[in-house]
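Every value quoted in this text rests on a predicted model; they were computed, and no experiment measured them. Counting from 1, the numbers follow the sequence of the chain as shown.
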Amino acid sequence: MAVGARDYIDKLLVEKYAQEKVDNHEEDALVSRVKAEDMMSHMNASGNSFRTMLAVQNRLTMVCYGVVAKSAKYVVSEDAA
């Protein structure tokens, strides 16, 4: 598997950052700054709020369909009679 630029923008980025030096070799560079339990609890809260939003949106859609159906005026066509 070759590493390199696939298009013009990638080529420019490779040229720009080819000579950049990175100095992140400290011992704590790979230590997480966030506790896993905190991350999981926040992800759970986010998922629950999204699930609640979807349920409210679904309920609102059904209510709107009901309002439109009740306000519709149905006219008997001559072909149906």
If you count heavy atoms of other groups shown closer than 6.0 angstrom to CD1 of Ile9, is the number above 12?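 12 or below, so no.
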Which value, rounded to the nearest 0.5 Å, describes the distance between Leu12 atom CG and Tyr17 atom OH?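 That separation rounds to 11.5 Å.
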Exercise answer: donor-acceptor pairs, residues 38-46 side-chain atoms, under 3.5 Å, sequence neighbours excluded:
residue, atom, partner, partner atom, Å
Ser41, OG, Glu37, O, 3.3
Ser41, OG, Asp38, O, 2.9

